[in-house]
Structures are given as structure tokens and as C-alpha cells.
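Chain naming here is simple, since letters A, B, ... match the order of the sequence lines and numbering starts at 1 in each. Nothing here was measured: the structure is a model prediction, and the numbers come from that model.
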Protein chains: 2
Amino acid sequence: MVTTKAPKVSFKAQMLQAREQALIDVMNRLLAEKGFEAMTVDEVAAEVGIAKASLYKHFPSKEDLAAAAMAHLMDKALAFVQAMPADQSALDKLRATVAWTMRLKLAGQMPTLPSQNSTLRTALMRNKGYMDGLMEVSERLGAWIEEAQAQGQVNTALQPVVVLYTLFARACDPVLEFLKATEQYDDDAIVDMVMSTCFDGLRQR
Amino acid sequence: MVTTKAPKVSFKAQMLQAREQALIDVMNRLLAEKGFEAMTVDEVAAEVGIAKASLYKHFPSKEDLAAAAMAHLMDKALAFVQAMPADQSALDKLRATVAWTMRLKLAGQMPTLPSQNSTLRTALMRNKGYMDGLMEVSERLGAWIEEAQAQGQVNTALQPVVVLYTLFARACDPVLEFLKATEQYDDDAIVDMVMSTCFDGLRQR
DNA sequence: GTCTATAATCAGATAGAC
DNA sequence: GTCTATCTGATTATAGAC
């Protein structure tokens, strides 16, 4: 009977997928807290509550685990931009997206990777889920940027790729944690201030 | 005779100081190229051409060596801001300083430290040369910021500390290396573009 | 697939001769 | 102070039983 066999397999698969998701979640948090090099695979396994050898059955290397975590983040980002209400202006969509990434970082859920590590870069480039998500997010943001420029809301003297990189960089802006470290502002105030410096600049308008 | 003895001691001391400077220079470059965690003490010793044990006679730990490199950088930064022509506006002084840090980074001479590493943070805080330089640079930039705000050149709605952190952060802005990686812009163009996004913002003026 | 136990490697730091 | 040689500990990754 198909009806008895299919659920059994599905249940097992669900358990496995849940475990992988737990690994990715912990990895995500540790990447955000300590960074790729300072964080260890032992910590991930210990926090999830499985043996390290079992972790390596799911992911062939530390780099691949990090890539999976980044792919998951890209999925979340893509879901966010896809769920954006269509009645907002392109600029507002860009602002909302950047604010979302900032809040993620302030909440300690934004994994930060060293931009120089080559083994990690290759693992990321090999990860189809990550690359596809990155491309899709970039294209959507890029379209909004050009739309906002056409509407005269974003500086037309800036090339779209420069705007795109500048927005992406807000996700790992050290100003966020510097301001948080002063303990003088709550997260909302920090987001407001950095949003202002990002979109309006430092000069008086 | 003092005249024969003094030079002899001074010569020895000069040799030692020169060796320490060589260590700091190599450390500085490796910090910029690979970052603190990826770089090894062995590399520093090998490039300078001394044994690792000798290095540890100069600096008690990897963290202290990094702190010394950062202190040296602060010295250079302080020298730069002190040498600034007095006939420039406060805003222009700020712009010149930020541009200087960006060019340093583009030239691969800006050491980047992980902001989370706690052992490194304590080593930095303990290093009087670094802390003094940081304080002095911060105070000078802070004075310029307030002056520029009083002259209506910098957004008065921003608290000076936010402006200060935003300017400091340009020294480790990943947008610089992203744009460099595209190989479509020379360093001057990159500095111009990032200066524009920093001071003028992304929105149309 | 999960576990315990272990390999293999690498990096920070030190001992001791000179 | 500088060297060679070594220690110590941590970390990625794997072998093999169940």
C-alpha cells in the first residue's frame, strides 16, 4: 500500500531535514556571533546535540555548512523582497529591505563571512542555492534601483551597481554594533540613524 | 668618554627598533591582506627573516603584535590630521581624511581587525599608544564635525558620534574591494564614488 | 545515521643552548 | 636576542562499531 509506506519515508525525511535545519540555525547564529574562523564545528554539533561525525554526514566540510547557512539567509532575503507590497515606491522598497537586513544584524542573526577567505568563497560559489538566491535578490534590487533613479528618487549620477553594493554593505556595517555598544540607543534609533546616513548622506541637505 | 659610548648603545637600540619596525610593517600588510585570524605568526617571522622565538622576544603575543601595528597606524593617521592645512573648511578636512583612509585600504595597507575577537580587543585597549592615538584622532575629527555642523555643512540632525563612526567605518568598507574586484574602475573613481555615497547619500539631491 | 575514539594537522607559545 | 627544536592545545576530518 502506498498510503502506509509513503508517510513512513516522509517522516524519516522530515526528521533529517529538521536536523539539518537545526544545524543551519545554530551555524547561522555562531557565524553572526563569532565569525567563520573563530567559530568551531564542535560548537555547532554540541549545541544541536549530535556528534561531530554525524554533522559531517550532513555537510562535507565547515565551508559547506557555512555556505548552506548563507543559502538559507538568501532564501529568507528573497522571500522578504518577494513579499514586498506592490503599492510602495521603489525607493521605499529599497529602504524597507535595507532596514530589514540591519535589524537582522542587530538581532545577531546576520552571518558575517570574511571577504578574503578563498576556500569559503569557492564553497559559496559552488552552492547553487546561494548563488541563485544572490542573483535573484540582486536582480530585484537592481530593478528597484533603476526604477527609483528613473523616478528621480535615487541619485542618477551613481551607477546602479554602486548603489547595490552600498545597500548590501549595510548588512555588515560595523557602525551598527559600534552604536549598539554605546548603549545609548535602542535598535529602532540605530536603524533610523544609519538609514539616514546611508540614504541622505552626512552633508546638510 | 660619553661621545664614544653613547653612539654604541644608540646603534644597538636603532637596530632593535628597526627590526621591530620591520615586524610591524609586515604585520600591517598581512593584517590587510588576510586578516588577523587567517594570518600566522610564522609568516611574519619568515618574511622578516628571523625565528619565531625571536619575534616573541619583541612582542609577547600575536594580539600584542597586532596592537602595535594598529598603534603605528594611529600614529600615521594622527600625523595626517595634524598636517592638514588650516585654510580648509572643516568639511574638506573630514573629506580629505576619509579619502586618505580609503586610499590606504585600496593600497592594501589598511589592517582590518575582527570586531568580535575579545582577546584582541583587550590587547588593543591595553596598548597605550593605540588608545592615545585613537583618542587624539577622535577628538580632532569630533571638533571638525561640530565645526562643520555649526557652519551648516554637515547634517545637524545627526549626533557627532554617529558621524564619527560613519567616517571611521569607511576605512573598512567592503564596497571598496567589491568595486575593485569588478576591475571596471581605477582607485580614483572608486574613492570618488564611495565619497559621494558617504557624504551625499544615495537619494537624489 | 549516529556514536566513540582517534587520526592528522596546524598554530601559538616556550625551553634551553649559544 | 637569536637560534633550533619542541610542547601544548585546539581544530578539521575520519574510521569503524552499532
Side-chain angles (χ1 to χ4, degrees), chain A residues 8-24 26-27 30-31 33-69 113-114 116-124 126, chain B residues 8-24 26-27 30-31 33-69 113-114 116-124 126:
Chain A
K8 195 174 182 182
V9 174
S10 172
F11 177 72
K12 267 192 180 176
Q14 277 185 15
M15 292 300 292
L16 279 183
Q17 200 174 354
R19 181 116 41 187
E20 280 202 2
Q21 190 56 55
L23 286 168
I24 287 177
V26 170
M27 182 70 176
L30 290 178
L31 280 177
E33 280 177 11
K34 320 173 73 170
F36 179 76
E37 338 245 57
M39 167 264 309
T40 70
V41 179
D42 294 76
E43 287 176 300
V44 181
E47 288 207 25
V48 172
I50 67 173
K52 185 166 47 172
S54 305
L55 182 153
Y56 274 95
K57 297 285 183 178
H58 291 271
F59 302 97
S61 75
K62 184 184 182 183
E63 282 79 7
D64 285 283
L65 177 52
L113 303 181
Q116 302 117 330
N117 188 319
S118 61
T119 70
L120 194 45
R121 281 189 73 87
T122 57
L124 276 177
R126 270 192 237 280
Chain B
K8 195 174 183 183
V9 173
S10 171
F11 177 73
K12 268 192 180 176
Q14 276 184 16
M15 291 301 292
L16 278 184
Q17 200 173 355
R19 181 116 42 187
E20 281 202 2
Q21 191 54 54
L23 286 168
I24 287 176
V26 170
M27 183 68 175
L30 290 178
L31 279 178
E33 280 177 10
K34 320 173 72 171
F36 179 76
E37 338 245 60
M39 168 261 315
T40 70
V41 180
D42 294 78
E43 286 176 300
V44 181
E47 288 207 25
V48 173
I50 66 173
K52 183 163 55 170
S54 306
L55 183 154
Y56 274 96
K57 297 284 184 179
H58 291 271
F59 302 96
S61 73
K62 183 184 184 184
E63 282 80 6
D64 285 283
L65 177 53
L113 303 180
Q116 302 117 329
N117 190 319
S118 61
T119 70
L120 193 47
R121 282 189 72 86
T122 58
L124 277 176
R126 271 192 236 280

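The CG-P distance, from Leu23(B) to dT2(D), rounds to 9 Å in whole Å. Going from atom CD of Glu43(A) over to atom C1' of dA10(D) covers 12 Å, rounded to whole Å. Between Lys12(A) atom NZ and dG1(C) atom P there is a gap of 9 Å when expressed in whole angstrom units. One interatomic measurement links the two molecules: CG of Leu30(A) to C1' of dT11(D), which rounds to 15 Å at whole-angstrom precision. Distance, Arg19(A) CZ to dT2(C) C1': 8 Å, rounded to whole Å.
Rounded to the nearest 0.5 angstrom, Glu33(B) CD and Glu43(B) CD are separated by 8.5 Å. Put simply, CZ on Arg19(B) and CD1 on Ile24(B) are 14.0 Å apart, with the number rounded to the nearest 0.5 Å. Atoms CE and CG, on Met39(A) and Leu65(A) in that order, are 7.0 Å from each other to the nearest 0.5 Å.
Without hydrogens or angle criteria, Lys62(A) side chain to Leu120(A) main chain gives no donor-acceptor distance under 3.5 Å.
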Check step by step if side chain to side chain contact (heavy atoms under 4.5 Å, CB included) holds for Val48(A) and Leu55(A).
CA-CA 9 Å; Val48(A) 172; Leu55(A) 182 153; over 6 Å; no
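Under the side-chain hydrogen bond (donor to acceptor under 3.5 Å, both in side chains) criterion, Asn117(B) pairs with Glu37(B), Thr119(B), not counting sequence neighbours.
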In 5'-to-3' order, the base (B), backbone-only (S) or no-contact (-) status of each nucleotide in nucleotides 11-18 of chain C, using a 4.0 angstrom heavy-atom cut-off, is SBBBB---
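For dG1(C), neither phosphate oxygen OP1 nor OP2 lies less than 4.0 angstrom from any side-chain nitrogen or oxygen of Ser54(A).
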